[in-house]
Amino acid sequence: MDKPVCFIDTDSDGKLCVQQSALQILQQIQQPVVVVAVVGLYRTGKSYLLNRLAGKQTGFALGSTIESKTKGIWIWCVPHPTKAGTTLVLLDTEGLGDVDKGDPKHDTNIFCLAVLLSSTLVYNSRGTIDNKAIMELQYVTELTECIKVKSPNKDADDSSELVKFFPSFIWAVRDFTLKLKIDGKDVTEDEYLDFALKLKPGTSRHVMEYNFPRECIQKFFPSRKCFTFPFPTAPENMSCLGSLDSADISSEFLKVTDHFCNFVFNDSSVKRLKEGYTVTGRVLGHLAKTYVDTISSGSVPCLENAVIAVAMIENEAAVIVGLQVYQIGMEKLKESFPLELKAVSSKHQDLSSTATQAFMKRSFRDTDGKHLKSLEEKINKLFNGYLCQNEQTSKKLCEDLLSSLSAPMMENLKQGLYAKPGGHDLFCKDLEDIGKKYKSQANKEVKAEEVLEEFLKQKSVDSKVILQADKKLTETEKQLKEQNEKAVLLEQEIKTNKEKQRQLEEKMDTERQSNEERMRQMKEKMDEEMRLLKEEAERAMDSKLKEQADLLKTGFNEKAEMMSQEIEEFKKRSTEAETNRAKEFAATLENANRGHEETMDLMMQNHREQMMEIQEKNPLNGCCIM
């Protein structure tokens with residue numbers, strides 16, 4: 001993108017809506033995304049910081065009046081400057097606290113969307129981090145009412161779970177003029193933020209009102225960072241900051257800005273969903289649409305429901321992607337038909353594995369294995385189709401070969417050259433020569449034996465007529481030759497059936513190997529998901545333990561004790577989640593194995609029915625010895 005575009009706006013009814021043009025851009029981004037959203041009061045310079053993160057002087061609109069310049073949420077996707085194969089997504093949000101807004105919940109919705117969509121949330125303010133500045137960040141106190149982890153219909157309080165999924169937090173303090181000292185001692189910017197968020201002892205209403213937003217910030221954003229920016233230029237030039245040449249901006253301001261940008265580039269994580277699934281640009285678009293539609297309908301955004309909705313979209317798309325990988329490869333192979341069954345099966349096996357890999361890469365939360373099974377069934381259906389096409393091509397080649405080889409014999413039949421004493425021996429000799437040449441040229445064709453069997457059955461009619469007309473042979477000799485020819489035809493039929501049996505065993509062996517590879521990939525995917533689930537729980541636990549340690553350090557022993565109960569309950573829920581997921585995975589593997597066994601049984605049943613049908617027909621007409 002060479003410039004930002006509007007991502008989320010309000011429609012004529014005043015409801016939030018996602019712009020289709022922005023979704024189309026995100027749809028093309030297959031890479032993981034680092035999403036940085038900047039929020040804050042209007043006219044605090046949010047857009048300038050984002051332009052610097054994009055490596056540009058201009059891009060996001062910079063205002064020079066008292067009106068809020070940015071409306072809704074704007075998006076700018078650029079290559080990540082330090083993480084190869086990753087896209088940096090910048091979100092510029094509408095300034096909070098604009099007096100012209102009619103809907104009092106609009107600011108809350110914008111703030112919640114920034115939290116839900118970002119992996120790093122930057123809160124931009126001016127002056128100092130005093131009580132007024134913290135109270136202006138009131139939206140953080142409403143997060144438990146505006147965002148749910150599980151379905152809003154469930155009564156359980158899941159606010160303690162939110163920390164798993166919330167972004168890291170940066171407080172950017174603009175136009176900072178104070179010295180970083182506390183009680184006469186130099187402190188870092190982070191220590192300054194922690195000091196500003198320090199709780200007051202006591203239980204009065206005033207103390208509780210003072211502590212509540214601070215508790216929320218500490219609870220929801222345990223990973224916190226602070227940057228203090230001096231005035232970028234002389235106060236009289238502030239209104240035109242966006243158009244100033246870098247030479248007119250103070251070196252100290254540029255130094256802090258560069259430090260801020262480098263920190264964001266190096267420390268901001270890739271956006272992840274619940275249970276650690278990596279978000280791509282495409283998935284971010286789905287999430288935004290899901291969250292915005294939920295908010296516009298008057299409901300509360302639910303992380304679990306959003307993941308389920310996105311998983312359904314992505315898993316269905318993953319089936320299509322896997323199928324395309326398989327089909328493209330097989331269509332290319334089809335150009336070389338006819339081929340030996342082994343060659344077709346080997347390619348099928350390789351492409352099936354590659355298709356499964358493509359599916360696994362895109363899919364997530366396919367806990368019952370339904371979509372993987374769908375891919376498997378569609379691939380097997382296509383494989384059977386390609387086998388049929390290969391067989392038809394082989395059959396035609398074999399038939400054309402026999403037609404060419406038998407052309408002289410057919411001409412002799414027309415000329416009546418076999419209608420004489422000793423003609424049957426001559427006919428058998430010619431037929432034997434045709435058989436030898438055919439076998440040498442069509443030996444590896446999948447339909448070679450079957451086509452030869454059909455050819456011999458057809459020629460047995462001519463053989464019988466010639467045999468009966470041959471005056472050189474006695475009746476006894478004719479009967480012996482006829483019995484011998486029936487035996488030869490039966491032998492050819494046995495060869496054909498053996499070849500079919502061999503091909504079936506080869507197909508079943510291919511299916512077994514494909515299933516083993518599929519199961520291996522499933523297990524690998526499940527192990528990875530379990531690892532991410534545990535890491536997610538461990539990060540949340542670390543943040544809770546840190547929060548508890550801070551409470552103990554500052555003398556809030558009662559609150560720390562209450563947190564102990566919360567931590568124990570969190571441990572219990574995390575263990576239950578891991579146990580349930582392990583059970584789901586075990587059931588999925590069991591179902592996959594059962595499905596494989598059913599497929600193998602069906603293949604055997606179909607083969608038995610084919611063999612019974614052949615035996616029922618079994619017309620043993622006379623034919624010549626080959």
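More than 12 heavy atoms of other shown residues, nucleotides or ligands fall within 6.0 angstrom of atom NZ in K478. The environment of K378 atom NZ is sparse: at most 12 non-hydrogen atoms of other residues, nucleotides or ligands sit within 6.0 angstrom. The number of heavy atoms from other shown groups lying within 6.0 Å of NZ (K525) is above 12.
Between S574 and E538 there is no side-chain heavy-atom pair separated by less than 4.5 Å. Put simply, the side chain of V89 reaches to within 4.5 Å of the side chain of L284, judged on heavy atoms. Side-chain contact between V270 and V279: absent, with no pair of heavy atoms (C-beta onward) separated by less than 4.5 Å. Looking at L23 and H286, their side chains never come closer than 4.5 Å, going by heavy atoms from C-beta outward. Contact check for D293 versus L16: no side-chain heavy atoms found under the 4.5 Å cut-off. Residues E517 and T356 fail the side-chain proximity criterion, which asks for heavy atoms closer than 4.5 Å. Side chains of P338 and V446 form no contact here, defined as non-hydrogen atoms less than 4.5 Å apart. In this structure, the side chains of L113 and V292 come closer than 4.5 Å at one or more pairs of heavy atoms.
Side-chain atoms of S297 come within 3.5 Å of backbone N or O of T294 as a donor-acceptor pair. The backbone N or O of C17 lies less than 3.5 Å from no partner atom in the side chain of D9, so there is not a single donor-acceptor pair. Within the 3.5 Å criterion, the main-chain N or O of A311 finds a donor-acceptor partner in the side chain of N315. A distance-only check finds no donor-acceptor pair linking the side chain of S404 to the backbone of L401 [under 3.5 Å]. In this structure, S463 contributes its side chain and K459 its backbone to no donor-acceptor pair below 3.5 Å. Checking side-chain atoms of K271 against main-chain N and O of S118 turns up a donor-acceptor pair under 3.5 Å. Of the possible donor and acceptor atoms, one in the side chain of N591 sits under 3.5 Å from a partner among the backbone N and O of A587. For the pair T496 (side chain) and E449 (backbone), a donor-acceptor distance under 3.5 Å is present.
Salt bridge K370/D366: absent, no basic N to carboxylate O contact under 4.0 Å. Between K447 and E450, at least one side-chain N (NZ, or NE/NH1/NH2) sits under 4.0 Å from a carboxylate O, which counts as a salt bridge. The residues K395 and E391 are annotated as not salt-bridged, no charged nitrogen and carboxylate oxygen being separated by less than 4.0 angstrom. Salt bridge R520/E516: absent, no basic N to carboxylate O contact under 4.0 Å. Salt-bridge check for R531 with E535: passed, with a basic side-chain N closer than 4.0 Å to an acidic carboxylate O. The residues K429 and D433 are annotated as salt-bridged, a charged nitrogen and a carboxylate oxygen being separated by less than 4.0 angstrom. Electrostatic pairing of E314 and R282 counts as a salt bridge here, judged by a charged N lying under 4.0 Å from a carboxylate O. For E506 and K342, the salt-bridge test fails: no basic side-chain N is under 4.0 Å from an acidic carboxylate O. The residues K373 and E376 are annotated as not salt-bridged, no charged nitrogen and carboxylate oxygen being separated by less than 4.0 angstrom. Electrostatic pairing of R573 and E576 does not count as a salt bridge here, judged by no charged N lying under 4.0 Å from a carboxylate O.
Taking both residues in full, the closest heavy atoms of M519 and A592 are given as SD-CB, 3.7 Å, listed atom of the first, atom of the second, then distance. Between R502 and E499 the shortest heavy-atom distance is NH2-OE2, 2.8 Å. Here the shortest heavy-atom pairing between V325 and A358 reads CG2-CB, 4.0 Å. Shown here for K439 and N443, the closest heavy-atom pair between the two residues is O-CB, 3.0 Å. Across D470 and G422, no two heavy atoms sit closer than the pair OD1-N, 2.8 Å. L333 and V344 get closest at one heavy-atom pair: CD2-CA, 4.2 Å.
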Legend entry - K457 vs E453, salt bridge (Lys or Arg N to Asp or Glu O under 4.0 Å): CA-CA, chis, key distance, verdict: CA-CA 6 Å; K457 286 179 180 178; E453 179 190 355; 3.1 Å; yes

Inset, instruction - Dump the intermediate steps for side-chain contact (heavy atoms from CB on, under 4.5 Å) on D425 and K481, then the final yes or no. - result: CA-CA 10 Å; D425 286 342; K481 282 184 177 291; 3.2 Å; yes

Inset, instruction - Show your reasoning for whether side-chain contact (heavy atoms from CB on, under 4.5 Å) applies to W76 and I25. - result: CA-CA 10 Å; W76 198 355; I25 292 169; over 6 Å; no

Legend entry - Check against side chain to side chain donor-acceptor pair (under 3.5 Å), T280 and Q30: CA-CA 6 Å; T280 62; Q30 311 296 326; 5.7 Å; no

Legend entry - Full working for side-chain contact (heavy atoms from CB on, under 4.5 Å) between I29 and C77: CA-CA 9 Å; I29 299 175; C77 305; 3.8 Å; yes

Inset, instruction - Just do the side chain to side chain donor-acceptor pair (under 3.5 Å) check on S394 and E445 with the steps written out, would you? - result: CA-CA 6 Å; S394 175; E445 290 297 330; 2.9 Å; yes

Inset, instruction - Could you go through the side-chain contact (heavy atoms from CB on, under 4.5 Å) check for S353 and Q521 one step at a time? - result: CA-CA 9 Å; S353 175; Q521 291 189 36; 3.2 Å; yes

Legend entry - salt bridge (Lys or Arg N to Asp or Glu O under 4.0 Å) between E584 and R581, intermediate numbers included: CA-CA 5 Å; E584 287 177 353; R581 181 48 60 89; 2.9 Å; yes

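No donor-acceptor contact under 3.5 angstrom links the side chains of N515 and R512, judged on distance only. Using modelled atom types and a 3.5 Å distance limit, the side chains of Q479 and E475 yield no donor-acceptor pair. There is a side-chain donor-acceptor pair under 3.5 Å between Q415 and E411. D509 and Q513 share a side-chain donor-acceptor pair at under 3.5 Å.
Y438 OH to C398 SG: the interatomic distance, rounded to the nearest 0.5 Å, is 3.5 Å. The distance from atom NZ of K414 to atom CG of N412, rounded to the nearest 0.5 Å, is 11.5 Å. E340 CD to K444 NZ: the interatomic distance, rounded to the nearest 0.5 Å, is 5.0 Å. We find the OG1-CD distance between T510 and Q349 to be 5.5 Å, quoted to the nearest 0.5 Å. Here the CG atom belonging to L382 is positioned 5.5 Å from the CG atom belonging to L323, to the nearest 0.5 angstrom. Annotation: the span from L351 atom CG to E331 atom CD amounts to 11.5 Å, rounded to 0.5 Å.
Each of S352, C388, S345 was scored for a side-chain contact (heavy atoms from CB on, under 4.5 Å) with F383, with one residue passing: S345.
Aromatic ring centroids of H371 and F359 lie 6.0 Å or more apart.
Taking the six-membered ring for Trp and thresholds of 30 and 60 degrees, F427 and Y418 have ring planes more than 60 degrees apart, a perpendicular arrangement.
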